Amino acid sequence: MGKEIDIMRILKRLFDLDNLIADKEADKKIGFKIDEEVGLLSLKKERASLLKEIPKEYADSYERIKKRYALAIAEVKNGFCFGCFQQLPTEMLVRSNEIVTCPNCGRILFWREE
Amino acid sequence: MNLASLLSRDRINLEMKSTKKEEVLKDLVYMIKSKTDAELIYSTLLKREELGSTGIGKGIAIPHCRSLAVSKLEIAIGRTIKPINFNAIDKKPVSLFFLIIAPPQDPGNQYLITLGKIVQISRELTKNNLINKPQTPDEFISLINEIEKKIAKKR
Ligand SMILES: [Zn+2]
């Protein structure tokens, strides 16, 4: 553990999980049954255990960004951060294997593997 | 928004051999993504099911989630040869599955609109006992088209 690519993988899972929890109310409105007692509890446990799997500095940084933005991770597309739609400095574009944050908005950046 | 226009023939499998909940989810995800992306979506879908089964009753389930693994709304449809246990609301086995995956950033909230629409269409499918009627993906898409038109007229 410790390779940035593995940490990013866990951060992505965490991010998907957070979106799931955020969409819960919308799901209820549409008519899906949500199990708050067992279901939500198990997701929160899973969330806590994912956070423990990554080094504290990354976990803290994710939590800090999440307090500021609903979406803590943003995709890089054509050299732009899709969180704030600002162009990224060219020297950053070769760092797709590292965990870096957008110098403008601070979101964690991710490059789609294609 | 026209749902039928979001469907594609090669993402409709009306002869799925999956026999378990996990299997059917995995098989559906592999219809739209491969390897690492599929793993991320699959794990998120399983977690969504922990929050409550997406089996809405009468043989239909609508597994759905948002995932970083996709950059646009993706839909896959599957029908299993044998109905399977999906812990549906009515405890009945499920044979028809609508898989919906959306990116976290989703202009116009297409995800929720699509979900709502599929729930509505599903009600019509079960009300008129149509789950097993279409025999080919093309027939399936035209049936959805027909139902959509009918729903639009009622408004
Ligand atoms: Zn940014």
Side-chain angles (χ1 to χ4, degrees), chain A residues 5-6 8-47 49-50 66 69-78 80-85 105 107-114, chain B residues 29 33-58 60-72 86-91 98 100-107 109-123:
Chain A
I5 246 173
D6 296 328
M8 193 63 203
R9 208 159 276 156
I10 299 170
L11 283 173
K12 283 182 182 175
R13 280 176 194 262
L14 191 62
F15 184 70
D16 272 8
L17 184 58
D18 280 336
N19 285 314
L20 211 59
I21 295 171
D23 273 334
K24 175 176 69 84
E25 298 304 323
D27 258 16
K28 269 200 251 175
K29 225 176 254 173
I30 290 170
F32 288 96
K33 208 178 154 233
I34 300 294
D35 177 359
E36 306 261 2
E37 262 175 55
V38 182
L40 196 58
L41 197 72
S42 81
L43 295 198
K44 287 188 172 159
K45 271 187 198 155
E46 171 90 35
R47 188 179 195 283
S49 81
L50 280 178
K66 201 186 162 342
Y69 305 110
L71 303 176
I73 300 183
E75 185 177 353
V76 177
K77 260 189 204 165
N78 306 319
F80 283 82
C81 162
F82 262 54
C84 64
F85 298 99
C105 68
R107 290 180 176 92
I108 297 166
L109 296 171
F110 103 95
W111 283 255
R112 199 168 288 285
E113 301 158 39
E114 248 153 358
Chain B
V29 174
K33 287 279 167 183
S34 57
K35 283 180 275 176
T36 51
D37 281 351
E39 286 300 320
L40 179 60
I41 298 172
Y42 172 67
S43 96
T44 310
L45 281 174
L46 280 184
K47 284 172 204 157
R48 172 60 190 81
E49 294 299 324
E50 278 174 36
L51 207 47
S53 173
T54 58
I56 56 166
K58 295 186 176 155
I60 297 183
I62 311 173
H64 60 275
C65 67
R66 289 187 202 265
S67 178
L68 268 184
V70 300
S71 54
K72 61 176 180 51
F86 208 78
N87 310 319
I89 269 178
D90 59 359
K91 312 262 185 253
F98 291 91
I100 309 168
I101 314 295
Q105 254 186 336
D106 169 31
N109 240 330
Q110 200 192 12
Y111 173 55
L112 296 178
I113 296 168
T114 307
L115 257 177
K117 195 154 214 179
I118 290 182
V119 169
Q120 225 181 351
I121 288 170
S122 297
R123 285 200 196 107

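All chains are named by letter (A, B, ...) in the order of the sequence lines, taking the proteins before the strands, and each is independently numbered beginning at 1. Remember, it's a predicted structure, so these values are computed and weren't measured experimentally.
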State whether a side-chain donor-acceptor pair under 3.5 Å links B:T44 with A:R13.
-> no

A:K24, NZ atom: more than 12 neighbouring heavy atoms under 6.0 Å | yes

Atom group of A:L71 that falls short of 4.5 Å from chain B, counting heavy atoms | side chain

Could you have a look at A:L20, A:I21, A:D35 and say which one has the most heavy-atom pairs with chain B under 4.5 angstrom?
-> A:L20

On a heavy-atom basis, the closest approach of B:Q105 and A:F82 is NE2-O, 2.8 Å

In terms of heavy-atom pairs under 4.5 Å with chain A, which of B:I41, B:T36, B:I62, B:V70 leads?
-> B:V70

Would you find a donor on one side and an acceptor on the other, under 3.5 Å apart, between the side chain of B:E50 and the backbone of A:L40?
-> no

Step by step, would you call B:S71 with A:R112 a side chain to side chain contact (heavy atoms under 4.5 Å, CB included)?
-> CA-CA 9 Å; B:S71 54; A:R112 199 168 288 285; 3.7 Å; yes

Within a reach of under 6.0 Å around NZ of A:K44, are more than 12 heavy atoms found that belong to other residues, nucleotides or ligands?
-> no

Between B:L51 and chain A, which part of the residue has a heavy atom less than 4.5 Å away: side chain, backbone, both or neither?
-> both

Counting only heavy atoms not in B:K117, do more than 12 sit closer than 6.0 Å to its NZ atom?
-> yes

Looking at B:G52, B:P104, B:C65, B:G55, which one has more heavy-atom pairs under 4.5 Å with chain A than the rest?
-> B:P104

With salt bridge (charged side-chain N to carboxylate O under 4.0 Å, His left out) as the test, would you mind laying out the steps for B:R48 and A:D27 before giving the verdict?
-> CA-CA 11 Å; B:R48 172 60 190 81; A:D27 258 16; 2.7 Å; yes

Contact winner vs chain B - A:I34, A:I73, A:L41, A:V38, heavy-atom pairs under 4.5 Å | A:I34

Okay, B:I89 and chain A: the region with an atom under 4.5 Å from a heavy atom over there is side chain

Kindly say whether B:R66 contributes a backbone atom to a donor-acceptor pair with the side chain of A:D23 at under 3.5 angstrom?
-> no

Greatest number of heavy atom pairs closer than 4.5 Å to chain B - which of A:K77, A:E75, A:E46 | A:E46

So, for A:I30 and B:G116, which heavy atoms are closest and what is the spacing to 0.1 Å?
-> CG2-CA, 4.2 Å

Indicate yes or no: at least one non-hydrogen side-chain atom of A:L17 is less than 4.5 angstrom from one of B:K47.
-> yes

Taking every non-hydrogen atom, the tightest pair across B:L68 and A:F110 | CD2-CE2, 3.3 Å

